[in-house]
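Structure first, commentary second.
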Amino acid sequence: MNTKADLLIAVCTYNEIENIPSLYQSLRTYFPNAAILILDDGSPDGTGKWCNKTANTDRQFFVIHREQKLGLGSASIVAFEYAIQNHFKFLLTMDGDWSHHPEHATAVVEQVADNPTVQIGIGSRYVSGGKILGWPARRHWMSVAINSYSRWMIGIPTRDCSSAFRCYRVKLLSELDFDQIQGMGYAYLEELLWHAKCKKAEIAEHPITFTNRTRGKSKINLGEALHAVWIIFKIGCRRLVGKKY
């Protein structure tokens with residue numbers, strides 16, 4: 001795969017100055033020629049300023065600044081649109097806190113790049129070989145519950161519906177109507193799989209080791225989780241009556 005021409009790596013950030021410089025260096029080790037896009041939601045900790053300096057020295061590094069924290073789903077849609085408008089073939093999305101290690105990224109991308117029928121490749125915690133390190137029991141329980149609920153309501157066999165470590169075939173993204181996506185936070189992850197299912201997209205999963213962040217503060221909260229439950233419930237109701245959107 002010609003990564004310089006074909007692959008965009010998108011990382012959504014808010015207050016990740018403790019993580020993003022080292023993550024960037026690691027990504028450049030595994031993807032020396034890929035384009036990297038940071039979508040920063042007005043981080044007051046200097047994340048955006050660091051990105052501006054890096055963009056001055058790396059011609060394949062780009063940053064989009066947003067004025068305030070608007071949510072992972074909202075930022076991801078901006079990344080989708082950027083990938084479409086700039087004619088990339090593949091888009092890799094990943095967290096900016098080292099929970100998604102770049103050493104797994106090549107395999108996540110290759111699920112799609114090396115298999116013409118696959119439209120979404122997921123870095124999965126819940127297929128054979130996948131692991132989670134550093135989570136308390138409550139976080140494990142919540143994650144298992146939301147993924148089981150998602151599979152049941154959406155009607156897909158995907159084991160890890162809530163992983164943001166994904167490679168998309170941009171052609172699929174170009175066929176989706178992002179105005180239909182209601183979850184502007186983490187809920188968009190499950191919702192997007194529903195829209196992909198409606199397009200009969202093939203989804204593959206590759207095991208990863210997910211490591212809980214050691215620096216910085218997690219952005220997920222109970223409100224985000226409850227909103228995801230509500231979005232998935234509405235999808236399930238539409239599915240029950242035979243509606244796609």
Side-chain angles (χ1 to χ4, degrees), residues 1-13 20 23-39 51 54-55 58-64 72-96 99-125 127 130 156 158-178 181 188-208 210:
M1 179 178 65
N2 183 348
T3 54
K4 183 174 182 180
D6 292 341
L7 177 65
L8 174 67
I9 301 171
V11 183
C12 304
T13 59
I20 202 67
L23 182 67
Y24 163 74
Q25 292 295 336
S26 185
L27 282 171
R28 275 288 168 250
T29 298
Y30 291 96
F31 299 96
N33 297 315
I36 298 175
L37 173 67
I38 305 297
L39 300 108
C51 290
T54 304
D58 184 343
R59 295 180 65 183
Q60 286 293 97
F61 183 91
F62 309 96
V63 57
I64 293 176
L72 178 64
S74 172
S76 297
I77 289 173
V78 173
F80 298 160
E81 293 172 338
Y82 186 95
I84 294 166
Q85 292 164 5
N86 289 278
H87 310 291
F88 288 96
K89 191 172 182 180
F90 308 103
L91 170 67
L92 174 69
T93 60
M94 59 189 299
D95 291 348
S99 57
H100 300 152
H101 200 290
E103 70 178 353
H104 298 299
T106 299
V108 174
V109 171
E110 287 176 349
Q111 292 180 98
V112 182
D114 294 347
N115 297 282
T117 61
V118 176
Q119 284 82 48
I120 301 176
I122 297 177
S124 179
R125 300 161 290 185
V127 294
I156 57 175
T158 307
R159 301 299 302 174
D160 199 340
C161 302
S162 58
S163 172
F165 200 4
R166 296 179 179 177
C167 181
Y168 299 94
R169 194 173 295 276
V170 176
K171 184 177 184 298
L172 169 68
L173 296 176
S174 70
E175 296 170 354
L176 301 181
D177 181 359
F178 301 131
I181 296 178
Y188 96 93
L189 292 163
E190 294 87 0
E191 190 175 1
L192 191 69
L193 293 182
W194 163 251
H195 288 281
K197 177 180 183 290
C198 292
K199 294 290 184 181
K200 302 186 184 303
E202 183 176 338
I203 302 170
E205 294 181 86
H206 188 278
I208 63 163
F210 179 98

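Given the structure is predicted, the values throughout are model-derived calculations rather than measurements.
The side chain to side chain contact (heavy atoms under 4.5 Å, CB included) search around S76 returns C12, L72, F80, Y188, not counting sequence neighbours. Annotation: side chain to side chain contact (heavy atoms under 4.5 Å, CB included) contacts of V63 (sequence neighbours excluded): I38, C51, N52, H65.
Considering only heavy atoms from C-beta on, L37 stays 4.5 Å or farther from L91 through its side chain. Between D58 and R28 the shortest side-chain heavy-atom distance falls below 4.5 Å. In this structure, the side chains of W194 and I156 stay at 4.5 Å or more apart for every pair of heavy atoms. Residues L176 and I181 are not in side-chain contact: their nearest non-hydrogen atoms beyond the backbone lie 4.5 Å or more apart. You'll find the side chain of Y82 stays beyond 4.5 Å of the side chain of L39, heavy atoms only. Counting heavy atoms from C-beta on, the side chains of M94 and V11 come closer than 4.5 Å. F165 is not listed as a side-chain neighbour of F210, based on a closest heavy-atom distance of 4.5 Å or more. The closest side-chain heavy-atom distance from V118 to E202 is below 4.5 Å.
Although no hydrogens or angles enter the test, the distance criterion places a donor-acceptor pair under 3.5 Å between the side chain of H100 and the main chain of D95. Side-chain atoms of E205 come within 3.5 Å of backbone N or O of D160 as a donor-acceptor pair. The backbone N or O of T117 lies less than 3.5 Å from a partner atom in the side chain of Q119, making a donor-acceptor pair. Counting only distance, with no hydrogens or angles, the side chain of S163 and the backbone of S124 share no donor-acceptor pair below 3.5 Å. The closest donor-acceptor contact from the side chain of R169 to the backbone of V112 lies under 3.5 Å.
Here CD of E190 is found 10.5 Å from OG1 of T158. Values are rounded to the nearest 0.5 Å. From H87, atom NE2 reaches atom CD of Q85 across 9.0 Å, with rounding to the nearest 0.5 Å. The CZ atom of F61 lies 11.0 Å from the CD1 atom of I9; values are rounded to the nearest 0.5 Å. For the atom pair CG (L173) and NE2 (H195), the distance works out to 12.5 Å, reported to the nearest 0.5 Å. A distance of 8.0 Å separates OG1 of T54 from CD of Q25, quoted to the nearest 0.5 Å. A distance of 7.5 Å separates CG in L192 from CZ in F178, rounded to the nearest 0.5 Å.
In terms of heavy-atom proximity, H101 sits nearest to S26 at CE1-OG, 4.4 Å. Scanning both residues, L23 and P102, for their nearest heavy atoms gives CD1-CG, 3.6 Å.
In this model, a donor atom of one side chain and an acceptor atom of the other lie less than 3.5 Å apart for S162 and R125.
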**Request:** Decide side-chain contact (heavy atoms from CB on, under 4.5 Å) for N86 and L8; before the verdict, give the C-alpha distance in whole Å, the side-chain angles of both, and the deciding distance to 0.1 Å.
**Result:** CA-CA 10 Å; N86 289 278; L8 174 67; over 6 Å; no
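For the side chain to side chain contact (heavy atoms under 4.5 Å, CB included) test with R166, the passing option among I122, V108, V109 is I122; the others fail.
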